[in-house]
Amino acid sequence: MHPSSAPLREPPAWLLEEPYDEVSLGTLKSGKEAEVFLLERRYADGSTVLLAHKRYRPRRPSPGELRELGFNKATLYRHDSTYRAGWFLSSRDRRAVAHKTDHGHEVIERLWPIQEMEMLERAWASGASVPYPVERTEDGVVMEFIGDADSAAPRLAQAQLSATELASAWEQLIENLRRLTAAGVVHADLSAYNALWWQDRLVIIDLPQAVEFTTNTDAPDLLHRDLANVAAWFERRGIAVDVEDVYGDLLGLAW
Ligand SMILES: Nc1ncnc2c1ncn2[C@@H]1O[C@H](COP(=O)(O)OP(=O)(O)OP(=O)(O)O)[C@@H](O)[C@H]1O
Ligand SMILES: [Mg+2]
């Protein structure tokens, strides 16, 4: 039997290898550019697993297209030029993106899921606590669902943490940042809204805009911004943090 709706900690081979039926259990959350759907995969032996499918909306939908594709909300664009600096684009695509042509929007639409899968895989391989990446789909990424059959994990910002749990969350966050940084990855949108809290475990999510030290000269600044952002959140809750000290320590791991 496969574990039913328990968080997956290891990449389970059966997840992709064995045949399954898949049903969508509906929208979990509607974000700015993407919606997260809850999926249930049912296997021949009767076991089931819950997964999260993050799907990006088309950037220039035709009338009725969003509803037809199962989305619930229209898109709000992210100011994304900083993050794209490290993307490998042909000069034609780069021009189209810069000039915001229809083709440019298609390029970005196609690249967000690729980028998110890539960064999720790199983060997972670094040992950071992120949802296990299952597979990329045409418009998004299927990953481990953090939660159980009754509820999805709350975001850190909404989780009601005791003082001990708060201290643990900060420690876990720093440990995750160490792993990501050592792997050359900067999340670049880190906040108490892009971290989940589930069974005493902090899980970092939402990585499509993540950048690499090797290809993006803004990486050190983005790391500093990430760190200052989450540190301020923890400081408001009584955790003493020396941002510059932690930053120096992290930078040392990056190079
Ligand atoms: N793997 C997951 N397991 C459980 N819940 C998830 C998972 N991934 C995303 N979510 C939920 O969906 C929300 C949106 O996901 P995410 O932050 O990746 O997308 P987004 O489009 O950037 O959303 P937002 O605009 O709100 O930041 C998360 O805040 C979280 O509540
Ligand atoms: Mg988010």
Side-chain angles (χ1 to χ4, degrees), residues 27-37 52-124 130-131 133-143 180-181 183-191 193-195 204-230 251 254:
T27 305
L28 201 62
K29 287 270 164 53
S30 280
K32 288 184 292 294
E33 288 171 297
E35 283 180 32
V36 181
F37 297 81
H53 187 190
K54 180 171 176 180
R55 295 176 57 203
Y56 288 84
R57 298 187 197 87
R59 289 171 74 101
R60 296 263 173 104
S62 54
E65 190 186 353
L66 286 175
R67 193 168 317 158
E68 213 168 279
L69 291 169
F71 290 106
N72 294 296
K73 225 174 86 177
T75 302
L76 282 166
Y77 294 153
R78 192 194 292 265
H79 294 287
D80 45 18
S81 55
T82 313
Y83 313 112
R84 290 195 305 261
W87 294 11
F88 182 78
L89 296 179
S90 68
S91 53
R92 173 174 176 257
D93 286 353
R94 200 170 283 280
R95 268 198 311 277
V97 168
H99 294 124
K100 300 189 164 63
T101 65
D102 281 351
H103 176 65
H105 281 284
E106 277 165 25
V107 169
I108 295 176
E109 193 176 306
R110 187 163 45 78
L111 284 177
W112 277 127
I114 294 175
Q115 205 53 23
E116 177 139 35
M117 186 69 184
E118 165 88 20
M119 290 302 172
L120 200 54
E121 280 177 336
R122 292 196 44 182
W124 175 266
V130 294
V134 176
E135 64 190 354
R136 185 161 66 77
T137 61
E138 203 175 321
D139 60 4
V141 166
V142 178
M143 64 188 126
L180 289 173
T181 312
V185 174
V186 178
H187 185 290
D189 191 21
L190 196 61
S191 73
Y193 294 91
N194 281 332
I204 293 174
I205 59 165
D206 202 4
L207 288 110
Q209 71 292 314
V211 302
E212 295 168 82
F213 275 92
T214 49
T215 55
N216 193 311
T217 48
D218 289 321
D221 289 349
L222 291 166
L223 176 62
H224 192 273
R225 191 182 72 182
D226 273 356
L227 183 61
N229 191 23
V230 286
L251 267 194

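In what follows, residues are counted from 1 in the order of the sequence shown.
Of the possible polar contacts, one joining the Asn194 side chain to the Asp189 backbone as a donor-acceptor pair under 3.5 Å is found. Using a distance-only test at 3.5 Å, with no hydrogens or angles considered, no donor-acceptor pair links the side chain of Arg136 to the main chain of Pro113. For Asp226 (side chain) and Val186 (main-chain N/O), no donor-acceptor pair under 3.5 Å exists by modelled atom type. Listed for the Glu35 side chain is no donor-acceptor partner under 3.5 Å among the backbone atoms of Tyr56. Looking only at distances, a side-chain donor or acceptor of Arg55 sits under 3.5 Å from a matching main-chain atom of Leu69.
The two atoms that bring Pro58 and Pro61 nearest to each other are O-CD, 3.5 Å, heavy atoms only. Counting all heavy atoms, side chain and backbone alike, Ala52 lies closest to Val36 at CB-CG1, 4.0 Å. What you find for Tyr193 and Ile205 is that their closest heavy atoms are O-CD1, 4.4 Å. When all heavy atoms of Ala188 and Ala210 are compared, the closest pair comes out as CB-CA, 4.5 Å. Residues Thr181 and Ala254 share a closest heavy-atom pair of CG2-CB, 3.6 Å.
The CD atom of Glu65 lies 12.5 Å from the CZ atom of Arg57; values are rounded to the nearest 0.5 Å. For the atom pair Arg95 CZ and Arg92 CZ, the distance stands at 8.5 Å (nearest 0.5 Å). Rounded to the nearest 0.5 Å, atoms CG (Asp206) and CE (Met119) are 13.0 Å apart.
Taking His224 as the reference, Tyr247 meet the ring pair (Phe, Tyr, Trp, His ring centres under 6.0 Å) condition, with sequence neighbours excluded.
Considering only heavy atoms from C-beta on, Phe213 comes within 4.5 Å of Leu223 through its side chain. With contacts defined as side-chain heavy-atom distances shorter than 4.5 Å, the pair Glu106/Thr101 does not qualify. Contact annotation: the side chain of Arg122 never approaches that of Leu207 to less than 4.5 Å [non-hydrogen atoms, C-beta and beyond]. Counting heavy atoms from C-beta on, the side chains of Met143 and His53 never come closer than 4.5 Å. Annotation: side chain of Val211 is in contact with side chain of Leu222 (closest heavy-atom distance under 4.5 Å). With contacts defined as side-chain heavy-atom distances shorter than 4.5 Å, the pair Glu33/Pro208 does not qualify. Residues Arg110 and Asp93 form a side-chain contact, since some pair of their non-hydrogen atoms from C-beta on lies under 4.5 Å apart.
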Open item on the list: side-chain contact (heavy atoms from CB on, under 4.5 Å), that's the test. Do Asn229 and Leu190 meet it? Break it down for me.
Closed with: CA-CA 7 Å; Asn229 191 23; Leu190 196 61; 5.7 Å; no
